[in-house]
Structure formats: structure tokens, C-alpha cells
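Here's the structure we're looking at; comments come further down.
Letters go in sequence order (proteins before strands), and every chain restarts at 1.
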Amino acid sequence: MMQMSPQTPITLIGGYLGAGKTTFINKLLNSGRLPSRTAVLVNDFGDINVDEHLIRSGSKSDQVIGLANGCVCCSIADDLTAALEALKSSVIERVLLECSGVAEPQKARLQCHYPGYYPHASVVLVDALNHAQRCTDKYVGALVSAQVKQADLIVMSKSSANPDFQLNILLPSVDADAEDAVEIVLGWQGTNDSAETGFGDRAPKFFTETWRCQESLSAEKLIQRLDALPASVHRVKGFVATNAGIVEIQRVGTDMQITPWQSLSRPDHLGLVFISHTAENLALLGWAD
Amino acid sequence: MLTLYNARSIITMNESLPRASAVLVRDGMIIEVGEPERMEPWLRHEEYVVDDRFAEQVICPGFIDPHLHPSMAAVLLPMEFITAMRWKLPWGEVQPVTDSDGFDERMAALSDMKGVGEPLFIWGYHQLWHGPMSRARIETVTGDKPTVVWHRSFHEVYMNAAAMDMIGVVAAEIKPGMQIDIERGWFFEGGLGYAISRLNPWILAPEQYAAGLQRLKQVVHSGGHTTIGDLATGMFNLTAEAEALSQHLEGDDVPFRTRLVAHGTVLTKGGVPPQQGPELAEALLQRNSHRLHFGRHIKLFSDGAFFSQLAQLQAPGYIDGHHGEWLSTPEVLEQHIRSYWYAGYQIHVHVTGDLGLQLTLDILQKMQEEKPRFNHGFTLEHFGFSTPEQIRQIKALGAQVSANVYYLHELSDSYTQSGIGYERASQMARLGSCFKAGINTTVHSDFTMAPAEPLNSMWVAVNRINHVGDVMGLTEAISPEQALQAITLNAAHVLGMADITGSIRAGKRADFTVLDDDPLTCDPLCLRDINIAATVFEGKVFPLV
């Protein structure tokens, strides 16, 4: 048995039933971009599909599938403790953990404070088509809302079926179908004041910052400030009050969209979320107040 | 050979002949119950003996606990009990210990009884009564004897340094942020899984587990049961459990039968589609033996644990605003229910809060609209919180209720203070309304959640007294007759065994519980103290000393 790193980060992948967790995990598994020595723990292999040429050992019936670069995909069948203990005998540097559809990220994170491991980030899948309705469901409304509030990063699925859907919350988010979605999830570092993880040195890293602003700005100035952002800022998203009314900002790379806010009610949260490649803080970006 | 048992009185639970003074038995079957002189026509044709050993006692139908967990009990029963509530166990009654000094004194006494190096496992600690627990506190009492103190809820455990050494807890592995406080020797939530994985060689050791099942056998016998329901076979491991049960709960020395109801979500775990569940459940029938029966029953789960305040509640919810939890998504529960409903199964659903109950009733309503069924036996298990309106729905949908009435005794006071307030806390286990509505209603222990003593369940259901002595929601109390019906005939209906047990009439199995006092005429406050003299299982007498 080789020595494993003393603390293995766990990225939780949560979201309600049907939010697209399995689809996204299949995308991760088949992307060919999993950093070496990654373990992907799924609840069951029911809908997991890995391209045959990527499988190095095992099959669905073995509960463990070996992939390239020392990566594995394991079925945990509701026993996380057993799965985490079993992983200690292999060389694993990071874990991606599929949560059950009824898990709350906060509680699930606590389970990941297991000796030898720590919770690194909570990624929550949100289904653009059904999320709003689910939030009003008498049985799971509270749960589905809590899942989103407790996320570090939102991955939005099925947005092509409901392109106008917006989450009324200031959280970094990425579309599940976006080209860089897998990269962002795998390279996720969270806020720049958190300790940097040791994994994924070869892969791009992504940091996030949230800028909150309740006051009204001049629209012209806002655009100037956005244009001045360095290339390391990968994505910007949010709502800002301007002299021309509230606008929605969406910027991917250098491609920026500014749309007037149509709804009568004001968004609950005004501000911008930045996702960038470097751990620059807001002051360096020129966004400190 | 016929045996004629005379008794001071026989309570038959057959409404057509409620009382009798003799019962005639052959080969484990009741031939006739009534007055001895009317049994002459049988006696003229066959040899018989008259057995007067119960002549001064009262014979009831054998008691039935329709919902307990032998596998969980097998883990717990080898441990020593220090509890805030009274627990009557066959090897001695555990007196309540309600303060921290008392806890330490008892822990010291137990420690002295153990040999050198023999670990001490204690269950039943609760901070509300026994004060804060820590490794240092354990060490002042038991020193370097490995000592493990389990919380009453089983969701936390404390250990001294010797116990941590014994099981191989590596202090260097424990980092801040984990749900382990190494200084206090405290393991909870995520940290508990770590502790259990290392404690397993002790608590699940085959000889330990076997000893636990033997103790369970004694508990079931001394509670006066002749039938029990294992309401989640497979909670740890289906094959291992089924094998251990057939080794220990089958055979001439076992004074009861067990209805095994498989844990439905375990049956199809690992991504097996719920539609395949009934087929897998059907295969279990091949394991049936004389005393151990899987039937076409399945256990499913709605909302979280009652003892942990994880029941899902309708508005206004919990005082502190937290929410309960779902044990699976409503969609998945519905898929499972649908697949067993269509396959003609009797479905038992674990429901604790009124929102968990509502979800289950809404699904049942949908099933009735898709594929109407009569006499389907759909059973709501635990039944902590409910509303009066839901009682009407339960009746209209043809469902039945199996309640853990002990919640009211142990928890209604603390849930009044720090849970849900007095109004709803006093109406836990809404049994009076169930009986008034004509719903088939039984009570269970969910052992080890409550003592496996049907007379104790009866006592709570009739008196509705909580542990501090307050009477809670008296309008929901049931009569002693209804309570006795609950632990006999109604329970037999819930387990699908009313054709063979649950009452005393010609043609049923000779399953009796023999009492020193009459539970229908004694002071209701004395119900739980009635001495059980013996049980009779299929005609064979099993005395209780």
C-alpha cells in the first residue's frame, strides 16, 4: 500500500432528482479530462455510462470501474464510510462524490470531514426547466431551495429548454452544456482567501469573487469597468442597478451581454460574481468600494 | 391427544364470544374455547388431559409486536444499559438513572464486574439527564478499562483512551472540522461512521451477534410475545441476517414466529430498477421455514427519524425552524410503492411526521385511482404526528395504522419544550381517533426504540402519561379493550396472520399469553406491572420465571 496524501479533497456534486447529476457525471467520466488519481463515487451504476475504450479494468457489476491515469469510478450504494475506507488502500488524490437527491450540501459536507479527507466544494446541479416549480412543491420546496443556497458553484442544466430562466441568487454558475463546464468544476478553487488545494496542478484553476452593490451606478462607467477587466477573468454574471435601470450582465471571455431587467420586481441580490483563473481579489480587479 | 386448559378467565378477542373459562388444544391448534362442560363431545372421542396450571390466571391471545428490529437488537442487547427510563429485561430490570452521579456510580459498578481488559459497552446515555460526557469523565470512573458509551439515539458515541487504542483510532488522522472531538473522545454524525467502522469487529463479531440474538429471543419471550414482525429485514445485510435469524429464531426452543418484511430500498440498491423489486422479494419466499416467513409484504420509507427531530412536518413545523428530512425523493418512493402496489403486495411505509404521512397518503390516493385495490393492508408505520383530517383520509383509502405510542411517553415533554409546542406534542400517536374511525390500528415498540413490552405499550396508549408524569392528550387515549385488541388481533391483521393467530377461537394456533392479573379489569395504571406467567406457542408452554 502506498502512502496517500494526508488530506484528500472531496468535491460534492449535489442537486435534486432529475437535476442532471448523472448526465453531468457521465460527461466528466467521458471527458478524458479527469486529473490522474481521481475517484468518482456514485450512488449506483444504474445510469452511469463510460465509453468502453476508457475502461481499463472492472465493469458495472464489480462496483468499481478502473479508468485511465489511475482514476476509478465506484458505486457506494449508500455506504459512504465503507467507500472512503476502501479508497484509502489506493492512491487517490481527489474525490468527486455524487450526493443523493435528498442530500443537503451542508449536511453532506459534514460527512466528508472523514479522517483522511476534507470537503472541498459543493457543486449543485439546477434544472432550468423545473427548478422554479420544484421550489414551490409542498414536499421538497424547502429542500430544493436549501440545496441551491448551500452551493459553492451552480451547474445549470437543461437551460436550452428554458433559456430565460435565472436563479435569483448571487452565486457563481456555469451552464452544464458550456464547453468549459467540466474544466470549471474540476479546477474549482472557490474564493481566493481559502487555502489552495494541491490537486490539479496541470489543469486550469478557477477562483471566484462576489461583488455586492446596492447603489445605482452610471451605466457608462459600469461598462468601462467591465471592459477593463483582465483576460484572466473568465466569466462575470449578475445584476446591477444603473441610471438606465437594472441590467443583467453576462460575460464569457470577452463576449459581454448587457440586457435590461424586464420583470417588475427587483432582483433580491444586486452585484456581480466573477470567476477567474487567478486568485486576484476585488481590489486588484479595481472593484473594491 | 387433547389438552384442556382451565383458567380463571380467557379473554378471546373474538367479539362473538369475548370470555371463556377453558380452551381445548390439539397439536398446537385450538379445538374449542368456551365452558369445559360443553367440550364433552370432543372428549368422548379422544384421549385428553386436563391442565390446571393456569387455573388461577388469565389467558389472553399471544401478544404480537408487529414492528421491531431483531438485527439492531442483536447489536444492542449485549451492551450494558444505563437509561433514563425503566427497561424491563429478562436478566433484570434496569432502574432509571436520571442524573450524572447516578450514571457514574452505575458505570463504576459495571466496570468492576468486567474482567481485566474486557471492554465495557454502555448504551442509553442522554445529556438531558446524565450531563455532559467526555473521555476524561469516563476515565475518572473506569480508568484504563476500554469503555464505550453510546448515546440513547445511537447517533453519538464517547470513548476513553483505552477504547480508542483498542479499536485503532489514530489521533494524528483526526483534523479540526471533523465530527470527532478527540479530546472529549466524542464521535458524531460523519465521525460516527469512522468510529463504527472500527468498532464493527467487536459489535458485529459473529459470537457477539449470536449472543445478541439469543438475548433478543429472551426479550421477546419475556415480553409475552408469540408473534413478532421484523420490519426491515436486510437493514445491515440481507443474506447474513436471514441466515443468522434462521439459525437462532427457528427451532423447537423458539417460542414465537417472525414475519420477515424485507427492507425495500436495500432489496433494489445499487441501481436495480424498482420495477424489479417484487421479483426479488418473491425469491425470498423460498427461505421460509416454520417460524420465519417472508410474505408478500414490503417495507418502504418516507421521512426521517422521530427521535432525531427529522420527521417532516407540515406548517408551522419545528419551533427552531429546522426542517425534517426525506429518506428518498418523493418520486422514488412513489416508484417503489407503484411497483409493489401493482404486484399485489402489502406495503408498510415508515412515516413519522404529518408531512411524511401526507406524502404517503397522496401516493396511496394516486395508486387507488390508477389501480383500485380492496383489502390491500397498506400500513402506516410509526405514525408520530398526524392531523384529524388525515385520519379520514386513512379510513377512506383503506389503510391501517401501526403506531409507536412510546414516543408520547418518552418525548412529548421535551418536544413540548424544544420541538413543536404543547398542542401537537400532546397529540402524538392519535390513536383514539383511529379507533373511532374504525381503522385497524396496532401499536409497536420498534425495539430498540422502545421497550419490547406490549403491556407497557398498552399502558401508554390507555393512560397517555409521559415520563415526567403529565397526562398528554387524554381524548386520544384508548380503552383497555381497544389496547388489548391492538397488541393481539389488530397486530395479526397488520402482519397478514389474522387467519392463524391474534385471537382465541376454534381453528387458530394455540398462541397464548398467560397473565397473573386481568388487563381489562385491573387498575389501568397497573397495566405495565402485570406479571406474565408464561406464554404458549402453538400449544407448547414456555413458562416465565
(message) Set out, in order, the CA-CA distance, both residues' side-chain angles and the distance that settles side chain to side chain contact (heavy atoms under 4.5 Å, CB included) for B:Leu199 and B:Val148, then state yes or no.
(response) CA-CA 10 Å; B:Leu199 281 164; B:Val148 179; 4.2 Å; yes
(message) Quick check against the 3.5 Å criterion: does A:Gln150 have a side-chain atom that pairs as donor or acceptor with the backbone of A:Gln106?
(response) yes
(message) Please determine whether a side-chain nitrogen of the Lys or Arg among B:Lys299 and B:Glu381 lies less than 4.0 Å from a carboxylate oxygen of the Asp or Glu.
(response) no
(message) With a sphere of 6.0 Å drawn around CG of A:Asp47, does it hold more than 12 non-hydrogen atoms of other residues, nucleotides or ligands?
(response) no
(request) Classify the angle between the aromatic ring planes of B:Trp326 and A:Tyr139 as parallel (below 30°), tilted (30 to 60°) or perpendicular (above 60°). (result) perpendicular
(message) What residues of residues 353-369 of chain B make heavy-atom contacts with chain A at a cutoff under 4.5 angstrom?
(response) B:Leu355, B:Gln358, B:Leu359, B:Asp362
(message) Give the interface residues of residues 301-312 of chain B toward chain A, defined by a heavy-atom separation under 4.5 Å.
(response) B:Leu310
(request) Determine yes or no for a side-chain-to-main-chain donor-acceptor pair under 3.5 angstrom, with A:Tyr117 supplying the side chain and A:Leu84 the backbone. (result) yes
(message) Has A:Gln147 got a side-chain atom pairing as donor or acceptor with A:Ala103's backbone, closer than 3.5 angstrom?
(response) yes
(request) Would you mind checking which part of A:Lys138 comes under 4.5 Å of any heavy atom in chain B, side chain (CB onward), backbone (N, CA, C, O), both or neither? (result) both
(message) Quick check on B:Thr265 against chain A: is it the side chain, the backbone, both or neither that has a heavy atom closer than 4.5 Å?
(response) neither
(request) Examine whether an atom of A:Tyr114 lies under 4.5 Å from a heavy atom of chain B, and if so say whether it belongs to the side chain, the backbone or both; otherwise answer neither. (result) both
(message) We want to know whether B:Ser339 and B:Gln275 form a side-chain donor-acceptor pair, criterion being a heavy-atom distance below 3.5 angstrom.
(response) no
(request) Indicate whether the side chain of A:Ser159 and that of A:Asp175 have a donor and an acceptor atom separated by less than 3.5 Å. (result) yes
(request) Would you tell me whether B:Asp320 and B:His322 have side-chain atoms, one donor and one acceptor, within less than 3.5 Å of each other? (result) yes
(message) For B:Gln208 and B:Trp202, which I'm curious about, is there any donor-acceptor pair between the side chains at under 3.5 Å?
(response) no
